[in-house]
Amino acid sequence: MQRVARAAVRVESAEVAAIGPGLLVLLGVTHGDGEAQADRLADKLRALRVFPDAEGRMNEPLGDREVLCVSQFTLFGDARKGNRPTYVAAARPEHAEPLYERVCERLGARRGVFGALMEVELVNDGPVTLLVEVE
């Protein structure tokens, strides 16, 4: 998750989604993830206090700001052995896509195109970048 001033995603050079201030969520799904994890993750992202309050401290949640969610199986890449990452921890598309869609719906997020080769452009605000995991 990155707090952004703006972000956009393109597929084949065509912009498919863009947001102003808010969150860019790069979402990876693994084999053990299910609907409960998807719901907890979306709720956690909505509640994270990563936006500045009136005094400039990170103390405000998402509120009315926007969310752009992009599926990214490479988050589960393992490069501990050799030079070619393995992606065996990433869920298969038939398992991952419904969970990706569920998170997007729960967040009211704009989204990339699941499984597509995408160009993601962002301006990180802060910079603020967090790894957010749920059990």
Side-chain angles (χ1 to χ4, degrees):
M1 180 281 313
Q2 296 187 45
R3 186 178 81 187
V4 296
R6 65 181 178 278
V9 63
R10 291 177 185 75
V11 175
E12 296 180 4
S13 299
E15 185 173 278
V16 295
I19 63 167
L23 297 178
L24 170 63
V25 176
L26 303 173
L27 182 65
V29 176
T30 192
H31 305 289
D33 291 339
E35 291 180 351
Q37 287 81 17
D39 292 349
R40 279 198 303 274
L41 178 64
D43 293 347
K44 179 78 169 180
L45 290 167
R46 182 158 294 289
L48 278 176
R49 297 182 341 178
V50 295
F51 294 94
D53 63 15
E55 297 173 8
R57 288 182 285 178
M58 287 197 299
N59 204 29
E60 296 291 326
L62 180 65
D64 292 333
R65 295 171 189 91
E66 299 177 290
V67 178
L68 175 57
C69 191
V70 175
S71 62
Q72 191 165 2
F73 75 93
T74 60
L75 289 171
F76 284 103
D78 184 351
R80 289 178 290 182
K81 294 182 182 176
N83 295 317
R84 174 182 251 169
T86 180
Y87 301 100
V88 296
R92 302 280 311 152
E94 57 272 9
H95 178 75
E97 187 172 12
L99 297 176
Y100 165 75
E101 292 295 337
R102 187 177 183 100
V103 169
C104 290
E105 286 297 322
R106 196 163 179 112
L107 285 171
R110 291 190 177 87
R111 55 196 84 174
V113 177
F114 188 91
L117 181 61
M118 293 176 273
E119 296 175 358
V120 179
E121 181 179 348
L122 67 118
V123 175
N124 192 313
D125 180 23
V128 175
T129 302
L130 296 174
L131 174 63
V132 181
E133 295 180 297
V134 294
E135 304 269 333

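Position 1 is the first residue of the sequence; numbering continues from there. The shown structure was predicted, so the numbers you read here are calculated from the model rather than taken from an experiment.
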Point to revise | 4.5 Å side-chain heavy-atom contact, L75 and Q72 | key: yes
Point to revise | Co-membership, hydrophobic cluster, residues L62 and V4, 4.5 Å side-chain | key: no
Review point. Near E94 CD, under 6.0 Å, is it more than 12 heavy atoms from other residues, nucleotides or ligands?
Key: yes
Review point. Residues sharing V123's hydrophobic cluster, by side-chain heavy-atom contacts under 4.5 Å among ILVMFWY, directly or via others?
Key: none
**Study point:** Any residue meeting side-chain hydrogen bond (donor to acceptor under 3.5 Å, both in side chains) with Q37, in chain and number order, not counting sequence neighbours
**Key:** none
Review point. Backbone N or O of V128 within a donor-acceptor pair of the N124 side chain at under 3.5 Å?
Key: yes
Point to revise | Hydrophobic cluster identity match, V70 and L99, side-chain contacts under 4.5 Å | key: no
Practice item. Drop me the distance from L48's CG to L130's CG, to the nearest 0.5 angstrom. Key: 6.5 Å
**Study point:** Those residues that, when tested against D33, pass side-chain hydrogen bond (donor to acceptor under 3.5 Å, both in side chains) (two or more places apart)
**Key:** none
Check your understanding: Roughly how far, to the nearest 0.5 Å, is the CG atom of N59 from the CZ atom of F51?
Key -> 13.0 Å
Study note, to complete from the structure: Rounding to 0.5 Å, atoms CG (L122) and CZ (R3) come to a distance of 13.0 Å
Review point. Can you hop from M1 to V134 via hydrophobic side chains spaced under 4.5 Å?
Key: yes
Exercise for review: Examine V9 and V67 and state if one hydrophobic cluster contains both, with Ile, Leu, Val, Met, Phe, Trp and Tyr joined whenever side-chain heavy atoms are less than 4.5 Å apart.
Suggested key: no
Practice item. Check ring pair (Phe, Tyr, Trp, His ring centres under 6.0 Å) between F73 and all other residues, then give those that pass, not counting sequence neighbours. Key: Y87
Check your understanding: Rounded to the nearest 0.5 Å, how far does CG of L107 lie from CZ of R102?
Key -> 12.0 Å
Could you list the donor-acceptor pairs under 3.5 angstrom formed by side chains in residues 109-120, with sequence neighbours left out?
residue	atom	partner	partner atom	Å
R110	NH1	E66	OE2	2.3
R110	NH2	E66	OE2	3.3
R111	NH1	E101	OE1	2.3
R111	NH2	E105	OE2	3.1

Review point. When rounded to the nearest 0.5 angstrom, what is the spacing between CD in E133 and NZ in K44?
Key: 11.5 Å
Review point. Do M58 and V132 belong to the same hydrophobic cluster, where Ile, Leu, Val, Met, Phe, Trp and Tyr are linked whenever their side-chain heavy atoms lie under 4.5 Å apart, directly or via other members?
Key: yes
Practice item. Would you mind checking if E60 and R49 are paired as a salt bridge, meaning a charged N to carboxylate O distance below 4.0 Å? Key: no
If you look only at distance, which donor and acceptor atoms sit under 3.5 Å apart when one is on a side chain in residues 13-31 and the other is two or more places apart or in another chain?
residue	atom	partner	partner atom	Å
T30	OG1	A89	O	2.4
H31	NE2	V88	O	2.5
H31	NE2	A90	O	3.4

